[in-house]
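Heads up: the structure comes next, in structure tokens.
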Amino acid sequence: MMFLLYHIGSEFMNDEKLQSIDILTFRRDLLSWYKENKRDLPWRQDQDPYRVWVSEVMLQQTKVDTVIPYFNRFMSKFPTVEALAQADEQVVLKEWEGLGYYSRARNLQNAVKEVATKYNGRVPDDAEQLGALKGVGPYTKGAILSIAYNQPEPAVDGNVMRVLSRVLKIESDITQQRTKKLFEVYARKLIDPQDPSSFNQAVMELGALICTPKSPACLLCPVQAHCQAFVAGTEEQLPVKKKAKKQKNIAYVVLLAVDDQDNYIIEKRKEDGLLANLWQFPMVPIKEVEWVHLENWVYNEYGLEITLGEKQGKLKHVFSHLIWHLEVYEAKLIKKLSKSNRLQLVSKQELTNYPFPVPHQKIRNSLYEKEQNM
DNA sequence: AATTCGGGGAC
DNA sequence: GTCCCAGAATT
């Protein structure tokens, strides 16, 4: 009896799902479609593991069309492991400016430095060594091993979970960690040992072009004949995914503090947490600071003596987990007492040398327009 | 297991 | 407005 219960809960279920399709035909149909329809993307020019690595990190939670220009600029600036390893972090962040999830850039460079020193510049083709690198999780590890090194390792991302949840009609919540592990088990059994690189890319390409989140193009799908959700007519209900909770709202006053020579005060953010090590105009959390105490708070917190000027505008910026409400004010910088190098006084033109998060890029850009219509 | 990490595009 | 994207690290 114990034996029976154990198997219903684990291996038996896996085999049952896979028995619903002919694996060899599935591979053939998927791969022949991929070879005909794959997009010509910059990181598909070759199988250079460094280029694959950079592309996979940039593509984390980020659409292909967004990544392409960033990837091209990044690779021309840092063509090799050595080039990226030797670069200044601020230069790397400047190339990443606007792409988001900036710890990706810092972790990537950290890992590349480790590859340069510990592995003599060669990206490991070993799962354990690869997975130990900063920013290389289960997906990126599998992607590099399969795409660059042709190893039959699963690379389960959102596309793969969507495609497989439909093909195999799996109704588990894909936000759960154990569900992702389940998909890795299936992917490992489905992957074509003859061409793991193309197979993994083909599943993702199918997810991006055909098996889309909404209104999937099932009539054009090369594996429609294998799809259990299509048979049931439930493809639009899959995958099952728990909703994210709402963001928190935070209000700030942003200070465009200018000295008598038209230089702006900017600050470097903390080295961890949100937008780590990026630059911004000073921000005052206005819910915690009374308006009448604002100048005083700036003096104590920043070591800046200012007089608040006119309101220039406002803007809202939505992050994944919070929303910034920014009110932009001019200010006159009377005196800078702080000696901290995280606080810099720079000219309007020099502002573009620093990596800014998007909301502060918008404020910065408004400085270059005669009309400040924000 | 939950939260924290950005930003943009499709709808 | 909602969803979600070639996810990982942290708590």
Side-chain angles (χ1 to χ4, degrees), chain A residues 38-39 41-44 51-71 93 96-108 110-111 130-148 153-163 173-181 183-184 187 197 199-209 211-215 236 239 241-248 269-278 280 316-324 355-362:
Chain A
K38 67 176 178 182
R39 291 168 291 180
L41 300 173
W43 45 90
R44 286 182 178 161
R51 291 172 60 87
V52 170
W53 184 7
V54 171
S55 73
E56 291 304 338
V57 173
M58 286 189 170
L59 286 161
Q60 288 168 12
Q61 299 294 287
T62 311
K63 289 209 164 62
V64 165
D65 290 341
T66 303
V67 167
I68 289 173
Y70 281 92
F71 179 81
L93 284 174
W96 211 271
E97 184 184 52
L99 194 55
Y101 285 147
Y102 299 94
S103 66
R104 290 184 296 176
R106 303 201 305 135
N107 287 337
L108 174 62
N110 181 306
L130 214 43
L133 297 170
K134 290 279 196 311
V136 179
Y139 166 75
T140 305
K141 176 178 64 179
I144 295 171
L145 290 174
S146 60
I147 297 173
E153 292 292 318
V156 174
D157 70 335
N159 286 310
V160 175
M161 288 196 283
R162 184 172 57 259
V163 170
D173 178 3
I174 64 168
T175 67
Q176 298 293 310
Q177 211 166 52
R178 61 175 171 276
T179 303
K180 189 183 171 189
K181 287 183 179 174
F183 281 110
E184 285 170 350
S197 177
F199 182 88
N200 279 350
Q201 293 184 79
V203 180
M204 293 187 275
E205 197 78 340
L206 188 71
L209 301 180
C211 196
T212 49
K214 291 167 206 161
S215 306
E236 298 249 30
K241 186 176 185 180
K242 189 178 61 183
K243 277 192 232 179
K245 61 175 194 176
K246 282 198 302 186
Q247 303 100 322
K248 291 177 180 174
R269 292 179 59 89
K270 298 199 312 272
E271 61 183 338
D272 56 17
L274 183 66
L275 306 170
N277 282 354
L278 270 67
Q280 65 181 21
K316 183 175 80 168
H317 187 78
V318 179
F319 295 91
S320 310
H321 62 299
L322 53 88
I323 302 177
W324 277 1
F356 275 41
V358 164
H360 286 265
Q361 284 181 50
K362 290 177 178 171

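Each chain gets a letter, A, B and so on, in the order the sequences are listed, and its residues count up from 1. The figures here come from the full heavy-atom set of this structure, side chains too, leaving out hydrogens, waters and symmetry mates.
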Please report the distance separating the C1' of dG9(B) from the corresponding atom of dA8(C), rounded so that it comes out in whole Å.
23 Å
5'-most by nearest nucleotide on DNA chain B - Asp65(A) or Tyr102(A):
Tyr102(A)
Correct closest heavy-atom pair for Pro42(A) and Ile68(A) would be CG-CG2, 4.0 Å
Compare the minimum distances between each of dC5(B), dA6(C), dG7(C) and the side chain of Met204(A), then state the nucleotide with the smallest one.
dA6(C)
Check whether any side-chain N or O of Gln60(A) sits under 4.0 Å from OP1 or OP2 of dA6(C), and answer yes or no.
no
Between dC5(B), dC5(C), dA6(C), which one does the side chain of Trp43(A) approach most closely?
dA6(C)
Could you check whether Leu99(A) gets within reach of a base, just the sugar-phosphate, or nothing at all, counting any heavy atom under 4.0 Å?
base
Is any side-chain N or O of Arg162(A) closer than 4.0 Å to OP1 or OP2 of dC5(C)?
yes
Minimum heavy-atom separation for Trp96(A) to Tyr101(A), with atom names?
NE1-O, 3.8 Å
d(CZ, Phe71(A); C1', dA6(C)) in whole Å
13 Å
Smallest separation among heavy atoms of Glu184(A) and Pro138(A), with atom names
OE2-CB, 3.8 Å
From CG of Leu130(A) over to C1' of dA8(C), roughly how many Å is that when rounded to an integer?
14 Å
Where the side chain of Lys63(A) is concerned, which of dG7(B), dA1(B), dG8(B) is the nearest nucleotide?
dG8(B)
Closest to the Asn107(A) side chain, choosing from dA9(C), dA1(B), dG7(C):
dA9(C)
When we call it a touch if two heavy atoms are under 4.0 Å apart, what does Ser103(A) touch: a base, just sugar-phosphate, or nothing?
nothing
Classify Val136(A) by what it touches in the nucleic acid, base, sugar-phosphate, or nothing, heavy-atom distance under 4.0 Å.
sugar-phosphate
Under 4.0 Å, heavy atoms only, any strand: does Gly207(A) hit a base, just the sugar-phosphate, or nothing?
nothing
How is Arg178(A) classified with respect to the nucleic acid when contacts are heavy atoms under 4.0 Å: base, sugar-phosphate, or nothing?
sugar-phosphate
Between Ala208(A) and Lys243(A), who's closer to the 5' end of DNA chain C by nearest nucleotide?
Lys243(A)
Distance check: side-chain N/O of Ser215(A) vs OP1/OP2 of dC11(B), anything under 4.0 Å?
no
Whole-Å P distance, dG6(B) and dT11(C)
15 Å
Rounded P spacing from dG8(B) to dA9(C) in Å:
24 Å
Please check the phosphate of dG7(B) (OP1 and OP2 only) for any side-chain N or O of His317(A) closer than 4.0 Å.
yes
If I pick the C1' atom on dC5(C) and the same atom on dC5(B), what distance separates them, to the nearest angstrom?
15 Å
So does Lys180(A) get a side-chain nitrogen or oxygen closer than 4.0 Å to the phosphate oxygens (OP1/OP2) of dA8(C)?
yes
What contact category does Arg44(A) fall into here, base, sugar-phosphate, or nothing, at under 4.0 angstrom with non-hydrogen atoms?
base
Spacing of Lys242(A) atom NZ relative to dT3(B) atom P, expressed in whole Å
8 Å
Where the side chain of Gln361(A) meets the backbone of Phe356(A), is there a donor-acceptor pair that is under 3.5 Å apart?
yes
Quick one: which of dG8(B), dC4(C), dA1(B) gets closest to the side chain of Val358(A)?
dG8(B)
Tell me yes or no: between the side chains of Tyr139(A) and Glu56(A), is some donor less than 3.5 Å from an acceptor?
yes
Grab the CD1-C1' distance between Ile144(A) and dG7(C) for me, whole Å please.
13 Å
Taking only the side-chain heavy atoms of Tyr101(A) (C-beta and beyond), determine which of dA6(C), dG7(C), dT2(C) contains the nearest atom.
dG7(C)
Phe319(A) CZ to dG7(B) P, straight-line distance once rounded to whole Å
5 Å
Spacing of Leu133(A) atom CG relative to dG7(C) atom P, expressed in whole Å
19 Å
Short side-chain N/O contact from His321(A) to OP1 or OP2 of dC5(B), under 4.0 Å
yes
Between dG6(B), dA6(C), dA8(C), which one does the side chain of Thr140(A) approach most closely?
dA8(C)
Mark yes when over 12 heavy atoms from residues, nucleotides or ligands other than Arg39(A) sit less than 6.0 Å from its CZ; otherwise mark no.
yes
May I have the distance from Arg39(A) (atom CZ) to dC5(C) (atom C1'), rounded to whole angstrom?
12 Å
Of the listed nucleotides (dT2(C), dA6(C), dA8(C)), which one gets closest to any side-chain atom of Lys214(A)?
dT2(C)
OP1 or OP2 of dG6(B) under 4.0 Å from side-chain N/O of Arg104(A)
no
Closest contact, heavy atoms only, Val203(A) versus Val163(A):
O-CG2, 3.8 Å
Spell out yes or no: do the side chain of Thr62(A) and the base of dG6(B) have one donor N/O and one acceptor N/O closer than 3.5 Å?
yes
Please give, in whole Å, the distance from dA9(C) P to Leu108(A) CG?
12 Å
Counting distance only, does the side-chain N/O of Arg104(A) pair as donor-acceptor with the main-chain N or O of Gly135(A) below 3.5 Å?
no
